[in-house]
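As structure tokens, the structure follows; a few thoughts come after it.
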Amino acid sequence: MNDYKPWQTHQLMNQVDELSDYRPLASDLPLREALQRGGGSAFEPRLSAYADRLGAAESYALAAQANRHTPELQSFDARGRRIDRVDFHPSWHRLMAMVRAEDLIAMPFREGHVGRWSAWAAGFYLHGQLEAGTLCPATMTQAAIPVLQKEPVLWAQLKDRLLSTDYDERDLPLAQKRSIWLGMGMTEKQGGSDVRANTTLATPVGQGGRGAEYALRGHKWFFSAPMCDAHLVVAKTADGGPSCFFVPRWRPDGTKNAVQIQRLKSKVGNRSNSSSEVEFQDAYGLLMGEPGRGIPTIIEMAGYTRLNCVVGSAAMLRQALVQALHYARHRQAFGRLLIEQPLMRSVLCDLALESEAAVALMMRLAQAFEQQAEPSQRAWMRMLTPAAKFWVCKRGVELTGEAMEVLGGNGYVDEGVMARLFREAPVNSIWEGSGNVMCLDVLRAIAREPQALEVLLDERAPNLGDEARLQVALAQLRALLSLPPAELEGLGRQLAARLVLLAQAALLRQHAPGFVAEAFVATRFSASNLWGAVSGLADVRGLQVEAILQRAFPH
Ligand SMILES: Cc1cc2nc3c(=O)[nH]c(=O)nc-3n(C[C@H](O)[C@H](O)[C@H](O)COP(=O)(O)OP(=O)(O)OC[C@H]3O[C@@H](n4cnc5c(N)ncnc54)[C@H](O)[C@@H]3O)c2cc1C
């Protein structure tokens with residue numbers, strides 16, 4: 001008999017392992033329903049198989065390793081030749097290969113597959129619950145596709161490698177690769193939000209013009225995933241404003257391009273992914289679009305990357321929620337399970353509602369991207385992408401902290417999923433346009449296309465119509481909109497938040513069970529509820545809390 005006792009002084013009890021070896025899609029009813037609404041049911045078996053793989057303990061171990069063994073920069077080889085190479089732990093490559101093999105980059109751009117955007121969003125959301133760092137190069141590669149499609153010569157060269165589901169980690173010239181990754185370089189030391197402040201200069205090598213070669217001289221202060229095979233870089237031409245350039249890691253003549261990695265950023269989170277500072281020393285670049293028209297190109301890309309931030313933050317919210325629910329269902333305090341404690345139930349109910357509302361919104365946005373040819377869908381895309389990027393990413397920052405607290409001290413130790421989510425969450429709110437910049441973008445969109453907002457509000461009207469609390473909120477939104485622009489600017493966050501909350505309420509009223517929709521409206525829109533400052537403030541008496549928690553993650 002084995003009488004080995006690890007502890008001489010006590011018995012180990014009431015400790016709860018973190019959730020793994022579970023079925024992330026099978027246990028996510030709100031996601032499955034939204035997938036069906038978005039026409040993506042045909043993708044469900046494949047997504048389900050992938051989700052089961054993601055939920056396995058082995059995958060959780062991969063994610064932990066990729067974030068513990070962080071990327072390392074090798075500037076030179078052993079004999080002093082400059083190589084500017086970033087080395088990664090094998091776990092990173094395995095996770096990247098999973099993203100690629102599941103088609104989580106190019107799936108939405110495969111024409112003819114109805115529901116492809118919903119299926120992609122669901123897959124991205126499932127992957128993001130396991131590991132968020134890999135979403136960065138996936139996002140940038142995906143967002144580059146619609147922009148490159150407008151450059152026929154480049155597109156013809158790159159198409160097959162961009163659409164490939166194969167993972168090729170080798171550092172080789174484009175022509176020798178089976179598949180490629182793309183990054184984006186905008187942000188410089190003197191300013192990131194204001195791309196017009198860029199100083200990097202692009203000088204034509206010959207005649208110049210669309211598709212022609214330029215030499216880029218300058219720097220980027222944030223340049224993520226520098227091991228990508230190419231970056232889309234903003235630089236100024238002498239005669240115009242910012243332009244967009246395709247800057248590969250290798251020149252066509254087979255030599256290394258002059259993109260020197262100065263150092264890797266030491267980051268709060270997002271540790272599996274490498275982010276760097278670079279200098280362009282007359283780097284080779286091809287002009288994309290017309291000279292001086294780089295901003296519209298970047299804005300187009302940003303539309304896609306911002307959706308990905310919404311999906312990524314909704315994923316973090318979901319993973320934080322299920323980890324918290326799992327813990328609360330097994331951990332006891334004061335003689336009862338945490339889940340049985342009324343105050344804990346208020347907190348968990350709030351988290352569950354926030355998560356379901358985030359999923360409903362993200363999946364609705366994905367649908368709008370698929371149907372963007374229709375004006376009402378374009379209105380959704382244009383107004384609600386930046387508003388959702390602001391709101392869902394911000395909620396992610398707060399609620400990953402709240403979910404961490406459900407685990408008490410265990411939540412705060414670095415070995416767990418919670419700490420990783422908490423460190424990761426703020427970056428989605430910062431990059432691709434920080435919170436305020438998103439709200440200003442909503443204001444800009446409304447000023448430019450006031451009719452699009454009306455389309456949006458009209459479309460939602462049937463789902464708000466008979467609900468007095470939402471009618472009051474709608475009137476408050478309209479009152480804000482009637483303010484002079486200078487006054488409204490300072491209220492940009494309030495406007496974006498109101499827009500999102502109304503959209504979420506309408507979506508839940510239309511699609512979720514009545515007890516979820518009622519709880520969302522009662523907690524977010526009742527004058528008597530002190531909701532918003534921190535989670536769990538709202539009065540949940542009279543709401544079907546158990547049904548909400550069971551729906552969120554069946555026990
Ligand atoms: C981990 C990481 C990776 C990144 N990777 C990349 C990358 O690969 N490529 C890339 O190009 N960039 C990248 N970025 C940069 C990121 O996109 C910028 O940090 C971001 O856009 C903000 O720019 P900034 O840091 O210069 O801040 P600033 O532009 O100086 O803004 C500072 C603050 O002021 C606010 N603000 C700005 N203007 C206004 C205004 N008019 N009114 C009110 N508030 C305002 C902003 O919202 C922000 O909160 C990365 C950043 C991080 C953290």
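We're numbering straight along the sequence, starting at 1. Only this structure's heavy atoms are used, side chains among them; waters, hydrogens and symmetry mates stay out. Being a predicted model, the structure only gives us computed values, none of them experimental. Read the numbers this way: they start at 1 and go in the same order the structure lists the ligands and their atoms.
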Please list, one pair per line, the donor and acceptor atoms closer than 3.5 Å that link side chains of residues 180-190 to other protein atoms, with sequence neighbours excluded.
unit_1: Glu188; atom_1: OE1; unit_2: Gln190; atom_2: NE2; d: 2.8
unit_1: Glu188; atom_1: OE1; unit_2: Thr199; atom_2: N; d: 2.7
unit_1: Glu188; atom_1: OE1; unit_2: Thr199; atom_2: OG1; d: 3.2
unit_1: Glu188; atom_1: OE2; unit_2: Thr200; atom_2: N; d: 3.3
unit_1: Glu188; atom_1: OE2; unit_2: Thr200; atom_2: OG1; d: 2.7
unit_1: Glu188; atom_1: OE2; unit_2: Lys220; atom_2: NZ; d: 2.8
unit_1: Gln190; atom_1: NE2; unit_2: Ala197; atom_2: O; d: 2.9

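Remark: the Asn428 side chain and the Ser313 side chain contain an N/O donor-acceptor pair separated by less than 3.5 Å. With no hydrogens or angles considered, no side-chain donor-acceptor pair links Trp92 and Asn273 at under 3.5 Å.
Contact shell of ligand 1 (protein heavy atoms, cutoff 4.0 Å): Met184, Gly185, Met186, Thr187, Gly191, Gly192, Ser193, Phe222, Phe223, Ser224, Lys267, Ser275, Val427, Ile430, Trp431, Glu432, Ser434, Asn436, Val437, Leu440.
Checked against ring pair (Phe, Tyr, Trp, His ring centres under 6.0 Å), His89 has the following partners two or more places apart in sequence or in another chain: His69. For the side chain to side chain donor-acceptor pair (under 3.5 Å) test, residues two or more places apart in sequence or in another chain that qualify with Tyr50 are His127.
Phe223 and His231 have parallel rings, their planes meeting at less than 30° on a 0 to 90° scale where 60° marks the start of perpendicular.
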